[in-house]
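The structure appears below as structure tokens.
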Amino acid sequence: MTSPPQADPSGSAAAKLARSIPEATVARLAVYLRMLGELAEQGAETVSSEELATATGVNSAKLRKDLSYIGSYGIRGVGYEVASLHHQIERTLGLDRQQAVALVGVGNLGHALAGYGGFGGRGFPVAALFDVDPDLVGIHINGILVEHVRDIPRVCAERGVTIGMIATPGPAAQSVCDQLVRAGVQCILNFAPVVLQVPEQVEVRKVDLAVELQVLAFHVARRRAGDAADTAVAPSVASGVHGGVHATNGSAVLPQ
């Protein structure tokens with residue numbers, strides 16, 4: 001198996017590698033990582049590209065190309081070493097160290113996010129919670145004190161927050177984003193239904209659940225339309241067969 005690139009003390013090699021990986025590949029690497037974790041828990045030591053591709057819903061050629069970006073090509077007839085590949089992907093995704101997360105907005109959605117224990121297990125411990133509602137500020141959620149948004153700069157700096165999650169109402173999101181940026185947070189996951197304006201060096205990922213549901217609604221409507229078309233065509237074909245078939249040497253022939 002090809003070894004991953006050696007760590008560069010200046011960090012330039014890792015930064016260059018990260019810049020060379022397409023965004024779509026990064027998303028798939030995260031899926032491969034999850035599946036490799038499950039395989040490791042099951043005691044698997046190796047996995048073929050076909051097995052990993054099938055388990056993650058991609059074709060094996062795409063998987064092999066994705067993994068080539070991180071310098072992993074596997075061993076012919078053996079595949080990939082699960083533990084080694086898991087480590088390589090973790091390092092590529094920056095998961096070889098924990099990323100402290102701050103969540104701003106602990107209403108219905110935010111409260112659910114704050115109480116979700118899976119973030120910490122994946123290397124993203126929620127280190128700080130913020131809100132402006134006096135009924136929420138001062139309470140504890142999952143053992144974390146909810147603090148006022150005006151304390152974002154101080155708390156984020158003290159706790160080494162690297163990622164901010166925004167789950168506020170739309171009108172408040174930009175102001176919250178500005179405070180996170182001033183606190184040095186350069187990666188933001190935005191659940192608010194607005195487009196955030198940020199400096200060029202700040203990375204924003206938007207999660208709009210309503211948009212995702214609308215996309216799914218489109219697929220539902222398209223499948224219904226396809227089913228309706230199939231239903232309409234079937235009786236017509238059947239009618240043509242029964243009404244226009246004649247026998248020629250014992251064979252059924254459709255009219256020309």
Side-chain angles (χ1 to χ4, degrees), residues 7-8 10-34 37 66 69-70 88-107 109-110 112-131 141-142 144 146-147 149-170 172-209 211-212:
D8 182 88
S10 67
S12 59
K16 184 177 180 180
L17 172 64
R19 287 195 298 269
S20 70
I21 302 177
E23 191 79 13
T25 294
V26 173
R28 289 192 293 271
L29 286 175
V31 178
Y32 304 153
L33 181 66
R34 182 188 65 204
D66 287 341
Y69 283 108
I70 64 173
Q88 283 181 263
I89 297 177
E90 270 195 329
R91 189 169 66 176
T92 300
L93 295 179
L95 300 178
D96 49 347
R97 63 189 183 94
Q98 289 192 331
Q99 307 289 336
V101 176
L103 170 63
V104 187
V106 290
L109 175 59
L113 292 170
Y116 175 59
F119 292 133
R122 296 284 183 86
F124 301 95
V126 177
L129 301 173
F130 301 97
D131 208 291
I141 300 176
N142 207 20
I144 303 172
V146 179
E147 302 182 70
V149 295
R150 61 172 171 261
D151 295 323
I152 286 176
R154 174 184 60 80
V155 173
C156 286
E158 290 176 352
R159 301 178 190 175
V161 170
T162 56
I163 297 175
M165 290 198 296
I166 298 177
T168 67
Q174 185 62 57
S175 174
V176 164
C177 175
D178 293 342
Q179 291 192 64
L180 288 169
V181 171
R182 285 196 295 271
V185 177
Q186 295 189 338
C187 293
I188 295 172
L189 185 61
N190 177 32
F191 289 91
V194 295
V195 176
L196 299 174
Q197 304 301 316
V198 297
E200 184 177 353
Q201 74 273 14
V202 176
E203 181 74 21
V204 176
R205 300 283 295 181
K206 181 172 174 54
V207 181
D208 193 323
L209 299 179
V211 168
E212 297 303 323

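Small disclaimer: the values here were computed from a predicted structure and weren't measured.
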Notebook entry, point to check: Is there a side chain to side chain contact (heavy atoms under 4.5 Å, CB included) between T168 and V149 once you walk through the steps?
Noted result: CA-CA 11 Å; T168 67; V149 295; over 6 Å; no
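- Residues D178 and R182 are in side-chain contact: their nearest non-hydrogen atoms beyond the backbone lie under 4.5 Å apart.
- Rounded to the nearest 0.5 Å, atoms CZ (F191) and CG (L209) are 7.0 Å apart.
- Of all the heavy atoms in I89 and L29, the pair that sits closest is CG2-O, 3.5 Å.
- Of all heavy-atom pairs between V106 and D131, the closest is N-OD2, 2.8 Å.
- V101 places none of its side-chain heavy atoms less than 4.5 Å from the side chain of F119.
- Note that CD1 of I163 is 5.0 Å distant from CD of Q99, once rounded to the nearest 0.5 Å.
- Nearest heavy-atom pair, A167 versus G105, reported as atom, atom and distance to 0.1 Å: CB-O, 3.6 Å.
- Residues C156 and A183 come closest through the heavy atom pair CB-CB, 3.9 Å.
- If you take CG on L103 and CD1 on I144, they are separated by 9.0 Å, rounding to the nearest 0.5 Å.
- To the nearest 0.5 Å, the span separating CG on L189 from CZ on R205 amounts to 8.5 Å.
- The shortest distance between side-chain heavy atoms of V155 and F130 falls below 4.5 Å.
- In this structure, R154 places its CZ atom where more than 12 heavy-atom neighbours from other residues, nucleotides or ligands lie under 6.0 Å away.
- Using a 4.5 Å cut-off on side-chain heavy atoms (C-beta onward), V202 and L180 make no contact.
- Put simply, the side chain of Q174 gets close to the backbone of Q197: a donor and an acceptor are under 3.5 Å apart.
- Rounding to the nearest 0.5 Å places CG of L93 at 8.0 Å from CD1 of I70.
- To the nearest 0.5 Å, atoms CZ (R122) and OH (Y116) are separated by 6.0 Å.
- In this structure, the side chains of F124 and L95 come closer than 4.5 Å at one or more pairs of heavy atoms.
- In plain terms, the two heavy atoms of R159 and A100 that are nearest each other are O-CB, 3.8 Å.
- You'll find the side chain of L113 stays beyond 4.5 Å of the side chain of V126, heavy atoms only.
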Next item on the list: Walk me through it: do I188 and V181 pass the test side chain to side chain contact (heavy atoms under 4.5 Å, CB included)?
Entry: CA-CA 9 Å; I188 295 172; V181 171; 4.3 Å; yes
